[in-house]
Amino acid sequence: MNLNDNKKYNFWFKNSWSYITGAILLSLFQIITLIVTKEPWGITSGFAYSGAWIFESLGGDVSSWEYFSKESAKKALNLGFLNHPYSLRNLGLIFGALFSTLLASQFKFRKVKSIKQVILASIGGLLMGYGARLALGCNIGAFFSSIASLSLSGWIFGLFMFLGSIVGGKILIRWLI
Amino acid sequence: MKGKKNQVVYAIVVIILAILFAVYLFTISPLLSFFWFSGLFVGFILQKSRFCFVAALRDPYLIGGVDLTKAVLIALAITTIGFTIIKYWLVINNEPLIGLNYITPISLATVIGGFLFGIGMVLAGGCSSGTLMRVGEGFQLQLIVLIFFIIGSTLGAHDFGWWKKILMSYNKTIFLPDFFGWLGALALQLSIIALLYVFINKWGDKNTGKY
C-alpha cells in the first residue's frame with residue numbers, strides 16, 4: 001500500500017496542523033500543567049540540572065554553587081535524572097516529537113551540512129543556555145509562562161529577546177553572505 | 001519523496017516503550033509520570049503544528065512573515081485567561097496561590113539574559129522547545145545545539161552567584177494584579193496583546209509579496 005495515497009492516513013497522521021490549532025493546544029497544555037503541577041511550563045532549569053549531573057559524573061562538584069544552594073535544589077540533585085520532573089518532561093518532549101514524526105513516516109537522520117552550521121549551533125546554544133540562567137528562564141519559562149502569569153518580567157524578557165533576535169539576524173546575514 | 005517508507009510500526013514501538021516507562025515512573029510517583037506524559041504531549045503538538053518561537057520573533061522583521069507571531073499572541077492570550085481564572089478562583093476561595101515561581105524579579109539580568117537568549121536562538125535556529133523537538137525529528141545539528149545549550153546552562157549556573165551580586169541586587173518583582181487588580185490586569189494585558197495583534201497583522205499585510 002502506498003501510504004501517500006491513503007487519504008485517511010494523510011488526514012490523521014501526515015498532515016500538519018495549523019499554527020492556530022497549535023496555539024490552542026499549547027494553551028490547553030499550559031493550563032493543565034498549572035493545575036496538576038502547581039507551576040506553569042518551564043524547560044531550561046532542567047538543562048542546568050542535566051549539566052550538573054554530567055559535570056559531577058566527570059568528577060566535578062557543584063555543591064558550592066549558589067545556584068544549587070537551596071535545600072530543594074540539593075535534594076533534587078541527589079535524587080537524580082529519573083526523579084527530576086523537568087528533565088523527564090524535556091526528555092518526553094523529544095520522544096513526543098519523535099513519535100509524531102514516525103507516525104507521519106517522515107523521520108530521517110538529518111546530517112550536519114557544513115562546519116559553519118556547527119559553529120553557529122554551538123555559539124547559539126551557549127548563548128541561549130547562559131542567557132536563560134541569567135534571566136531565570138527561556139522563551140517558555142521567562143516569556144510564555146511569565147507573561148501568562150501576569151508578571152511584567154515576561155514582557156521585559158520578551159522585548160529584549162526580540163531585540164536580541166534582530167541582532168542575531170544581522171550577524172547571521174553578515175556571516176552567511 | 002522523503003519518508004515514503006511506512007514508519008508507523010516504529011511509532012507504535014516508541015509509544016509502547018513510552019507507556020512502559022510511564023508505568024515505571026508511576027510506581028515512583030504519579031506526578032513524575034504526568035511530567036513524562038505531558039512532555040510527550042507537548043512534543044507531539046509542537047511537531048504537528050510546526051510551532052516555532054524563533055520564527056515568531058524573527059520573521060516579521062527578517063522576512064515579513066507574521067503567521068507564527070499571531071499564533072504566539074493567541075497562545076499568550078488564551079493561557080493568560082486560563083491562568084487568571086484558576087488563580088482568581090483560588091483567591092476567592094481563600095486557597096493558596098499557585099504558579100508563583102514564574103512571577104520573577106526584573107533586574108538588569110533579565111535584560112541581558114533576554115538579549116543573549118535572543119541572539120542565540122536566531123544563530124542556532126531554534127529556541128529551547130524547538131531544539132528539543134528537532135532532536136526528536138532526527139536533526140544532528142540541533143543535537144549539537146542541545147549539547148551546547150546544556151553546557152551554557154551549566155556555565156550560567158556556575159556563575160549565577162556572581163551575577164546575582166552584580167546584576168540582581170537591584171530588582172523588582174511586578175505582579176500586575178497587585179497594581180491593577182485581577183480584572184484590571186487581565187484587561188490591560190489582553191488589550192496589549194490585541195494591540196500587538198492588530199499591529200503585526202498590518203505589518204504582515206504591508207510586507208506581503210515584498211520579499
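In what follows, chains carry the letters A, B, and so on, assigned in the order in which the sequence lines appear, proteins first and then strands, with residues in each chain numbered from 1.
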Asker: Between A:Y49 and chain B, with a heavy-atom cut-off of 4.5 Å, which part of the residue counts as in contact: side chain, backbone, both or neither?
Answerer: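 It is neither, since no heavy atom gets under 4.5 Å.
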Asker: Quick one: sort the B:F160 and A:Y67 rings into parallel, tilted or perpendicular, breaks at 30° and 60°.
Answerer: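 Perpendicular, since the angle between the ring planes exceeds 60°.
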Asker: What part of B:L31 lies closer than 4.5 angstrom to a heavy atom of chain A: side chain, backbone, both or neither?
Answerer: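 For B:L31, side-chain heavy atoms alone lie under 4.5 Å from chain A.
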Asker: Given a strict heavy-atom distance threshold of 4.5 Å, which part of A:S18 is in contact with chain B: side chain, backbone, both, or neither?
Answerer: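 For A:S18, backbone heavy atoms alone lie under 4.5 Å from chain B.
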Asker: Quick check for you: among A:I20, A:I140, A:I171, which has the greatest number of heavy-atom pairs under 4.5 Å with chain B?
Answerer: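 Top count of heavy-atom pairs under 4.5 Å with chain B: A:I140.
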Asker: Could you tell me which of A:S27, A:S69, A:S16, A:G51 has the largest number of non-hydrogen atom pairs under 4.5 Å with chain B?
Answerer: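 Most heavy-atom pairs under 4.5 Å with chain B: A:S27.
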Asker: Can you confirm whether the side chains of B:S38 and A:R89 place a donor and an acceptor under 3.5 Å from each other?
Answerer: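 No - no donor-acceptor pair under 3.5 Å links their side chains.
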Asker: Any side-chain heavy atom of A:L25 sitting closer than 4.5 Å to one from B:F44?
Answerer: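 The answer is no, as the side chains (C-beta and beyond) never meet within the 4.5 Å cut-off.
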Asker: Would you say A:S105's side chain and B:Q7's backbone share a donor-acceptor pair under 3.5 angstrom?
Answerer: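 Yes, the answer is positive, given that a donor and an acceptor are paired below the 3.5 Å cut-off.
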Asker: When only pairs under 4.5 Å are counted, which of A:G137, A:G22, A:G46, A:S100 shares the most heavy-atom pairs with chain B?
Answerer: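 The answer is A:S100.
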Asker: What distance separates A:N90 CG from B:S129 OG, expressed to the nearest 0.5 Å?
Answerer: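 Atom-to-atom, A:N90:CG and B:S129:OG are 10.0 Å apart.
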Asker: Using non-hydrogen atoms only, which part of B:F34 is less than 4.5 Å away from chain A: side chain, backbone, both, or neither?
Answerer: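 The side chain, not the backbone.
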Asker: Answer yes or no: does atom CZ of A:F95 have more than 12 heavy-atom neighbours from other residues, nucleotides or ligands under 6.0 Å?
Answerer: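 Open: at most 12 neighbouring heavy atoms sit under 6.0 Å from CZ of A:F95.
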Asker: So which atom in A:S153 and which in B:T110 form the shortest heavy-atom distance, rounded to 0.1 Å?
Answerer: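 Smallest interatomic distance, heavy atoms only, reads O-CG2, 4.1 Å.
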Asker: Which heavy atom in B:Y61 sits nearest to a heavy atom in A:K170, and how many Å separate them?
Answerer: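 So the two residues come closest at OH-NZ, 3.1 Å.
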Asker: If you measure from CG on A:L134 to CE on B:M168, what distance do you get to the nearest 0.5 Å?
Answerer: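 With rounding to 0.5 Å, CG (A:L134) is 5.5 Å from CE (B:M168).
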Asker: Looking at side-chain heavy atoms only, is the closest gap between B:L40 and A:F99 below 4.5 Å?
Answerer: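 No; the side chains remain at least 4.5 Å from each other.
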Asker: Select one option (side chain, backbone, both, neither) describing which atoms of A:A132 are under 4.5 Å from chain B's heavy atoms.
Answerer: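 It is both, since atoms from each part get that close.
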Asker: Does A:E71 have more than 12 heavy atoms from other residues, nucleotides or ligands lying within 6.0 Å of its CD?
Answerer: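 Count not over threshold, so no.
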Asker: When you look at B:L62 and A:I166, which way does the side chain to side chain contact (heavy atoms under 4.5 Å, CB included) test go after all the steps?
Answerer: CA-CA 8 Å; B:L62 207 62; A:I166 293 175; over 6 Å; no
Asker: Measure the CG-CD1 distance between A:L172 and B:I119 for me, rounded to the nearest 0.5 Å.
Answerer: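 Interatomic distance, A:L172 CG to B:I119 CD1, rounded to 0.5 Å: 12.0 Å.
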Asker: Nearest 0.5 Å, please: how far is OG in A:S145 from OH in B:Y102?
Answerer: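 Reported to 0.5 Å precision, the distance equals 6.0 Å.
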Asker: Which of these passes side chain to side chain contact (heavy atoms under 4.5 Å, CB included) with A:Q30: B:T79, B:I78, B:V42, B:L76?
Answerer: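 When side chain to side chain contact (heavy atoms under 4.5 Å, CB included) is applied between A:Q30 and each of B:T79, B:I78, B:V42, B:L76, only B:T79 qualifies.
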Asker: On a heavy-atom basis, which atom in A:L82 and which in B:Y24 lie closest, and how many Å separate them?
Answerer: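 So the two residues come closest at CD1-OH, 4.0 Å.
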Asker: Taking all atoms of both residues into account, what is the closest heavy-atom pair of A:I156 and B:V111, and its distance?
Answerer: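 It is CG2-CG2, 4.1 Å.
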Asker: Tell me, with the steps shown, if B:V8 and A:L102 meet side chain to side chain contact (heavy atoms under 4.5 Å, CB included).
Answerer: CA-CA 6 Å; B:V8 174; A:L102 287 171; over 6 Å; no
Asker: Testing the 3.5 Å rule here: is there a donor-acceptor pair between the side chains of A:Y130 and B:W163?
Answerer: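 Side chains of A:Y130 and B:W163: pair found under 3.5 Å.
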Asker: May I ask you to decide if the ring planes of B:F51 and A:Y19 are parallel, tilted or perpendicular, using 30° and 60° as cut-offs?
Answerer: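 Rings of B:F51 and A:Y19: perpendicular, as their planes differ by over 60°.
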Asker: Output the option from A:S87, A:A48, A:G96 having the highest count of non-hydrogen pairs under 4.5 Å with chain B.
Answerer: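 Sorted descending by pairs with chain B, the first entry is A:G96.
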Asker: Do you know which of A:V118, A:L159, A:V62 has the most heavy-atom pairs under 4.5 Å to chain B?
Answerer: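 Option with the greatest count: A:V118.
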Asker: For a quick test of your reading: what N or O donor-acceptor pairs under 3.5 Å do the side chains of residues 175-190 of chain B make, sequence neighbours left out?
Answerer:
| residue | atom | partner | partner atom | Å |
| --- | --- | --- | --- | --- |
| B:Q189 | OE1 | A:W155 | NE1 | 3.0 |
| B:Q189 | NE2 | A:I147 | O | 2.8 |
| B:Q189 | NE2 | B:T80 | OG1 | 3.0 |

Asker: In Å and rounded to the nearest 0.5 Å, what is the CD to CG distance from A:E39 to B:N101?
Answerer: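 It comes to 3.5 Å.
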Asker: Please round to the nearest 0.5 Å and tell me the distance separating atom CG of A:L150 and atom CD1 of B:I174.
Answerer: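 Those atoms lie 13.0 Å apart.
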Asker: Specify the closest pair of heavy atoms between B:L116 and A:G131, including all atoms of both residues, with the distance to one decimal.
Answerer: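 Distance-wise, the nearest heavy atoms are CB-CA, 4.1 Å.
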Asker: Evaluate A:T44 against B:S128 for side chain to side chain contact (heavy atoms under 4.5 Å, CB included), listing each step before the verdict.
Answerer: CA-CA 7 Å; A:T44 36; B:S128 47; 4.1 Å; yes
Asker: Which bit of A:I24 comes within less than 4.5 Å of chain B, counting heavy atoms only: side chain, backbone, both or neither?
Answerer: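 Its backbone and side chain both get close to chain B.
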Asker: Which bit of A:N15 comes within less than 4.5 Å of chain B, counting heavy atoms only: side chain, backbone, both or neither?
Answerer: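 Just the backbone, heavy atoms under 4.5 Å.
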Asker: Highest number of heavy-atom pairs under 4.5 Å with chain B: which of A:A52, A:S64, A:G141?
Answerer: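 Highest number of heavy-atom pairs under 4.5 Å: A:G141.
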Asker: Relative to the ring of A:F144, is the ring of B:F53 parallel (under 30°), tilted (30 to 60°) or perpendicular (over 60°)?
Answerer: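 The rings of B:F53 and A:F144 sit tilted, inter-plane angle from 30° to 60°.
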Asker: Might you point out which heavy atoms bring A:W65 and B:T154 nearest each other, and give the distance in Å?
Answerer: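 Result for this residue pair: CZ3-O, 3.5 Å.
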Asker: List the atom pairs, with distances to 0.1 Å, where a side-chain N or O of residues 133-153 of chain B and a protein N or O form a donor-acceptor pair under 3.5 Å, not counting sequence neighbours.
Answerer:
| residue | atom | partner | partner atom | Å |
| --- | --- | --- | --- | --- |
| B:R134 | NH1 | B:G125 | O | 3.3 |
| B:E137 | OE2 | B:Q47 | NE2 | 2.6 |
| B:Q140 | OE1 | A:V112 | N | 3.1 |
| B:S153 | OG | B:F149 | O | 2.8 |

Asker: Got B:Y10 and A:F107 here, is their nearest side-chain heavy-atom distance under 4.5 Å?
Answerer: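 B:Y10 does not reach A:F107 side chain to side chain.
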